[in-house]
Amino acid sequence: MNNLFDMTKKELQTFLVAQGMKKFRADQIFHYVYKENIFSWDEMVLLPKKDRQLLKDVLPIHFPEIVSRLDAPDGQTVKLLLQLADGETVETVLMMHDYGNSICVSSQVGCAVNCAFCASAKNGFVRNLSAGEMVAQLLAFRKYVTPELHSIVIMGTGEPLLNYDNVIRFMKLIHDKDTLYLGYRNMTLSTSGIVPKMYDLAKEGMPITLAVSLHAPNDALRRRIMPIAEKYPLEAVLQAARHYFDVTGRKVTFEYILIKGLTCTNACAKELARLLGGQNILVNAIPINDNYDVGLYRPDEKTMNEFVTYLQRHGVPVTLRREMGSKIQAACGQLRIKREKI
Ligand code: SF4
């Protein structure tokens with residue numbers, strides 16, 4: 001099925017001409033969608049009525065519906081659960097930072113990677129999202145919440161590098177000057193470390209930021225919380241990350257989840273400092289939200305601060321992520337899981 005949000009303007013022109021419509025109608029349609037946030041053929045009143053009627057049949061617009069919306073009490077995070085054309089649902093989160101609004105995009109329905117701390121993996125993998133379904137997550141925020149968009153992070157539900165072609169297409173689409181014209185430097189892709197695809201990404205010529213979920217300083221611990229580490233050992237992941245930096249010149253971010261008594265210990269801090277100290281990288285330390293189902297808990301503030309301070313003193317640039325959205329279940333997958341339980 002054709003999806004308007006999957007198309008470049010050129011592709012839409014070709015499609016319209018094949019339907020007997022004028023090529024320039026694509027300009028009007030793109031203006032409605034990407035400048036005026038209008039997503040209904042009926043409201044695109046500059047199009048002739050007969051064209052609108054035909055388009056309803058040959059190119060129906062499936063704009064995602066909001067199933068639920070959660071606003072954080074501080075007003076800085078909004079989470080939407082969106083329903084897609086086939087009834088599946090995806091989560092997407094808007095975070096309002098000092099430097100601008102950032103949207104966390106989901107790339108799959110469910111996820112096969114099965115990280116121990118992640119709600120998205122609970123019910124397994126369902127399907128890949130199309131590029132258009134990812135574009136529609138951004139458009140939903142523009143329509144329902146705010147038109148201001150500064151950056152995106154592909155860090156929601158799913159492993160983006162296991163939906164490689166659609167994710168690349170999505171980034172190219174929103175970079176296009178006819179759509180959202182978002183700079184590649186304002187895009188971040190987060191991977192659990194799918195090594196061969198990290199090498200492919202380096203070849204794309206798209207200077208996006210690569211974020212790698214490290215989450216543990218050695219293979220044994222990493223395998224306990226990230227089964228994907230069986231397939232892609234730590235050293236291979238680090239080598240692929242170094243290669244990405246060498247080719248693109250873009251500093252790689254390593255995400256590191258802080259779990260009480262497991263990854264946030266003195267021993268882990270020492271090992272991590274040995275692994276990453278003095279390198280041109282950034283570590284983003286993320287406190288886990290308490291997860292009673294799997295018995296993984298957030299460390300206390302003092303322990304987290306000591307962990308971060310140790311790394312800083314040993315040459316590892318690290319930031320402790322400001323909490324956004326933990327009060328509204330903004331960790332990926334939590335809202336979708338909650339709905340499925342109802
Ligand atoms: S953390 Fe990311 S890669 Fe891991 S299971 Fe969750 S969605 Fe998948």
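The shown structure was predicted, so the numbers you read here are calculated from the model rather than taken from an experiment. Just so you know, ligand 1 is whichever comes first in the structure, and atom 1 is the first atom listed for that ligand. Each residue takes its place number in the sequence, starting with 1.
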Which of the atoms of ligand 1 are close to [X], meaning less than 4.0 Å from one of its heavy atoms?
| X | result |
| --- | --- |
| Asn114 | 5 (S) |
| Cys118 | 1 (S), 5 (S), 6 (Fe), 7 (S) |
| Cys111 | 3 (S), 5 (S), 7 (S), 8 (Fe) |
| Gly158 | 7 (S) |

For Tyr34 and Phe30, take the angle between the two ring planes, folded into 0 to 90°, and tell me which bin it lands in: parallel under 30, tilted 30 to 60, perpendicular over 60.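 It falls in the tilted class, 30° to 60°.
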
Donor-acceptor contact below 3.5 Å, side chain Arg185 vs main chain Pro207: no

Could you verify whether a donor N or O on one side chain and an acceptor N or O on the other, from Gln28 and Arg25, lie under 3.5 Å apart? yes

Roughly how far apart are Leu201 CG and Lys203 NZ, rounded to 0.5 Å? 10.5 Å

